[in-house]
Structures are given as structure tokens and as C-alpha cells.
There are 2 protein chains.
Amino acid sequence: MNETDEIVRLLRSRGLKVTPQRIAILRLLKNGGHFNIEQVLNELRKIEPNISISTVYNALNTFVELGILRSFEVDGKTWYEIRKKPHINVVCEDTGQIIDVNVDVSTIERKIRSMGIMIRDLTIVVRGNCISPSLSGGNSQK
Amino acid sequence: MNETDEIVRLLRSRGLKVTPQRIAILRLLKNGGHFNIEQVLNELRKIEPNISISTVYNALNTFVELGILRSFEVDGKTWYEIRKKPHINVVCEDTGQIIDVNVDVSTIERKIRSMGIMIRDLTIVVRGNCISPSLSGGNSQK
DNA sequence: ATATGTGCAAAGGGTTTGCAGATAT
DNA sequence: ATATCTGCAAACCCTTTGCACATAT
């Protein structure tokens, strides 16, 4: 079964219509990585040149509501990623890049659940400097 | 030493001018809790009726930059809290309320640092339902 | 005296909405 | 055939900015 078939099945299983725009968005995100709207649009327009920003927002919001994607916000911008097991999103203040770091969050989850809270989503964001200032030789903070 | 004196000293130590607006904002936040702009404005206007939203934003941003406060975003809105040791911010989707839950984050921090990343800020946000749906008797999710 | 802060209004930037036409089922 | 989706433009909301006046030092 190829990648597109998988996506088509996913969409159908959620009762969504299969459109080229939705397929393109899921193809972009399904293999990991983090994308903000600007990046999603840039990538998608290579494939679907006329795709509109509202279609992208609509699709991303739908996918987040259905639990296919998850989103989090950094500096007023929303980032989207495929939903997988909880992890740390490390935002490098030098490069703007976001990387995933896996950690065991079962202790955190257990504590939250023990308080009678049903967990819907867990976001861990670290802002930091991935390039050591001493090595990069200067003040590269924004 | 009373609360206001402490705040005055804090402001002076950071080279900031001591204004009634800044004092009021720090008095509101220094004892804990989470506030968004609307809440800060509502509270402050009981004391400083003419305080403007831009003054509040200016002050909050200044305090965040100086490390007195920290901020994080949920659903497009910025929340402010006094900077203290890392913890989980639990956002209840039923009530909109935010509560702190203390956890040991040293494992997370160690892992991030071992990758050569200098940590500037750590945010952990859990979205959940603090009122058990079975107890509250219905669908109260937004 | 003067650098800094405040308040107001306007501008900015990211996201959502309304709607007519297009598309998937 | 028709419910859903797309693309466009306008609207929205939160936040920032510019500037004249006020205040703290």
C-alpha cells in the first residue's frame, strides 16, 4: 500500500472527503517534522500552486480536531506536527529550528491523572540555544 | 519590609523607573496565579482605572525580558505568571482555569543539556478536563 | 533637566469567517 | 443530486508601534 493510499484511507475513515489539498498536506506532515503556516504554504504551492491559506488552515484545524495532527504555539505562531507519543519540542532561539527530543513522560502523566484530570494533550516546549554562543562566536540571539 | 517596598527594590535593581502601574502589575502577579491580558486589565483597573492596555503589555514584556515573569500561549492568548521553578501548567478545557502542578523536571533538563542545548525556558502545558465528565453530568467540552 | 514611561489611536500580523463557485460522493 | 470543500476577500482578535504628554530620577 503506497503513501497516498494510506492517506486516502485515513481521510475516508474519518468521514472526510478526499481532496488533493488534504492529501498534499498530510503527505507533507505524516513523516515527521514541524511546520508553521508559512512553511506549509511554501511547500504545498510547489504541488498545488493555487492552494489558499484558508484551505490550509481549515484542513490543519480539522486534522488537529480529529487528533491526526497536534499543534502548539511559539511567539504568536502555531506549529503543526503529526500526533505521536509525547516528546519535548526544542525551539532553538538562534536558528528558529524545532527538534524533537524523546523523554519518558509517564511520571508527569501519572501525577496529572492522579489528580482526576483527563489528559487531552501534553505539550513540552524548551526554548534554548542549540548553537553554543562560545562556538558560534557572537551574539546571535534575536 | 512590606510588599510594595520589595517591589520598589526589585524595579530599582533592574534599572526600571518605579511607577504606580508597574507596582500594581507586580503586586497582582507576585503571589502566584496565572493571568491573561484581559484579567490583568480587569484587576488593575480597580486600582488604576485609566491604565492603558499598551502600558500593561509594555510592562509585562519588560518583566518577561528581565526574567521576573514568564509567559506561555494557549489558544492564541498569552498567559503570564511569576517566574519560579519549572512546573506543569494544567489548562482545564471545561473551566478555562489554569493550575500549577509541581513535578521534577531534572531528567528532562539533563537530557536537553546533554545535547549541548542551553535552556532558556521550559514550558509544560497539559490540556485536560479537571471536572470528570461523568460527574459534571454532560458534555461541557467546548 | 532629561531619560523613561504612559495613554491613546492606529497599524500589524496571524487566524477565522462568509460566501459563491467547484468538487467529491 | 447534494453535502462538503476550496479560494478569495473581508473581518477578527490579540499585540505592537508611533507619538505627544506626563512622570520619575
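Not measured: the values here are computed from a predicted model.
- For the pair B:Glu73 and B:Arg12, both in contact range of DNA chain D, the more 5′-proximal nearest nucleotide belongs to B:Glu73.
- Both B:Val64 and B:Ile23 are members of a single hydrophobic cluster when ILVMFWY side chains are connected at heavy-atom separations under 4.5 Å.
- The shortest non-hydrogen separation linking A:Thr95 to A:Cys130 is OG1-SG, 4.0 Å.
- Salt-bridge formation is not detected for the pair A:Asp104/A:Lys85: no Lys NZ or Arg NE/NH1/NH2 atom is positioned less than 4.0 Å from an Asp or Glu carboxylate oxygen.
- Residues A:Met118 and A:Ile108 do not share a hydrophobic cluster, clusters being chains of Ile/Leu/Val/Met/Phe/Trp/Tyr side chains in contact below 4.5 Å.
- Spacing between atom CH2 of A:Trp79 and atom C1' of C:dG14 amounts to 14 Å, rounded to whole angstrom units.
- The distance between atom CG of B:Asp75 and atom C1' of C:dG14, rounded to the nearest whole Å, is 14 Å.
- Residue A:Lys77 contributes atom NZ, which lies 12 Å from atom C1' of C:dG12 at whole-angstrom precision.
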Go along nucleotides 5-10 of chain C 5' to 3' and tag each nucleotide: B for a protein heavy atom under 4.0 Å from its base, S when only backbone or sugar atoms are that close, - otherwise.
-> SSBB--

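- Ion pairing between a basic and an acidic side chain is recognised when a charged N comes within 4.0 Å of a carboxylate O; A:Lys46 and A:Glu43 show such pairing.
- Grouped by direct or indirect side-chain proximity (heavy atoms under 4.5 Å, Ile/Leu/Val/Met/Phe/Trp/Tyr only), A:Phe72 sits with A:Val74, A:Trp79, A:Val91, A:Ile98, A:Val125.
- With a 4.5 Å cut-off on side-chain heavy atoms, A:Ile117 and B:Ile99 count as touching.
- Rounded to an integer number of Å, the gap from A:Leu60 CG to C:dG14 C1' is 13 Å.
- No side-chain donor-acceptor contact under 3.5 Å links B:Gln21 and B:Asn58.
- The outermost nucleotides of DNA chain D lying under 4.0 Å from heavy atoms of chain B, listed 5' to 3', are D:dC14 to D:dT25.
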